[in-house]
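First up is the structure itself, then whatever we jot down about it.
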There are 2 protein chains.
Amino acid sequence: MAIAPSLTPQELAIMKVVWRLGTATVRDVHDVLRRERREDLAYTTVLTMMRILEQKGALSKAQDGDSRAHRYRPVRTQRQVMRSMVREFVDRVFDGAAEPLVAHLVSDRRLSASDRDEIRRLLDAKDAKDDKEG
Amino acid sequence: MAIAPSLTPQELAIMKVVWRLGTATVRDVHDVLRRERREDLAYTTVLTMMRILEQKGALSKAQDGDSRAHRYRPVRTQRQVMRSMVREFVDRVFDGAAEPLVAHLVSDRRLSASDRDEIRRLLDAKDAKDDKEG
DNA sequence: TCCTAAGTACTAAGTAGTTAGTAGTCATGG
DNA sequence: CCATGACTACTAACTACTTAGTACTTAGGA
């Protein structure tokens, strides 16, 4: 099992549901996806994807207490996985340079004024941290 | 042809070379990739990929002046394509919310102090622009 | 007890992405 | 004038991703 296996788009969609629920059975995930997405996946499709995620080491599996179903749990936090995916994206698309990506985001009308204030706070905090650490 | 066809990783790698060169033949791109990458692709692989990119509408093709080779030219600028790819990524991974992505980037040690200053300038410019536009 | 519902494992098949071989064209230098 | 080298088009094959069917298991109610 790789340390940080990358997730395909559909795998990510499933992981997001599991993160939100904390832990989940195949049934849980299937119900949520059925409710929230246009095209609905077959139950066995979700089953297969969760088995793959378990093989990849993204989910761990345990017997559910009261039913025969497996209960899955994320191995890494959403934050950790997002971080890997951002790194991979920055490397692939921006050759590792994060600043041009931020520039795109800032100029692209997807940030509100309060988002911008929040980012300033993060930047300031980072400055302070760097100062402290030398 | 879709307005903004998404690019696969290898297609993007080729597009980057063409953007850098302005226009390019298959030979040009192959030479650059051979020089800059570990594993080298066969000439015909690059040829096939560029044909696909032309079919997708990412490259346009014209006869080169003095040789029989095709000369390819990007249809959209790198900036435009990057922007689409960022949008797609933000949608897929962050459900459309750009701010959490910026938060990741800021906290992830990939931004230098001067990068942070540059981002502040961009944020300020955006504020000013929004004020002016109401 | 035995049928049904819910669950799993296994398997298959279709689509997309990647890589590269083969055959054919054509200009040109010997 | 024809062989060679550079080029293209076509085709194929392999890998990864996505989707879902089929067969099997088992708990629990009629």
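Every chain is numbered from 1 and lettered A, B, ... according to where its sequence line falls, protein lines coming before strand lines. Just so we're clear, the structure is a prediction, and the values are computed from it rather than from any experiment.
- With hydrogens and angles ignored, a donor-acceptor pair under 3.5 angstrom links the side chain of A:R68 to the base of C:dA6.
- Nearest-nucleotide mapping onto DNA chain C: of B:T44 and A:T25, the residue sitting toward the 5' end is A:T25.
- Using a 4.0 Å heavy-atom criterion, one finds that A:T48 contacts the bases of the nucleic acid, with or without backbone contacts as well.
- Protein atom CZ of A:R34 is 14 Å distant from nucleotide atom C1' of D:dT19, rounded to whole Å.
- Side-chain nitrogen and oxygen atoms of B:T45 include none within less than 4.0 Å of the OP1 or OP2 phosphate oxygen of C:dT19.
- Checking the phosphate oxygens (OP1, OP2) of D:dA6, no side-chain nitrogen or oxygen of B:Y43 falls inside 4.0 Å.
- Residue contacts for A:T8: at a heavy-atom cut-off of 4.0 Å it reaches the sugar-phosphate backbone alone, with no base atom in range.
- The distance from the CG atom of A:L59 to the CD atom of A:E54 is 8.0 Å, given to the nearest 0.5 Å.
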Walk me through whether A:F89 and B:V90 qualify under side-chain contact (heavy atoms from CB on, under 4.5 Å). CA-CA 11 Å; A:F89 180 77; B:V90 171; over 6 Å; no
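- With rounding to whole Å, B:D40 atom CG is found 15 Å from C:dT18 atom C1'.
- We find that CZ of A:R71 is positioned 11 Å from P of C:dG7, with the value rounded to whole Å.
- B:R51 comes within contact range of at least one nucleobase, with a heavy-atom separation under 4.0 Å.
- Using a 4.0 Å heavy-atom distance criterion, B:L41 is classed as a sugar-phosphate-only contact.
- Judged by distance alone, the side chains of A:D28 and A:T25 do bring a donor and an acceptor atom under 3.5 Å apart.
- Rounded to whole Å, the distance from CE on B:M50 to P on C:dT18 is 16 Å.
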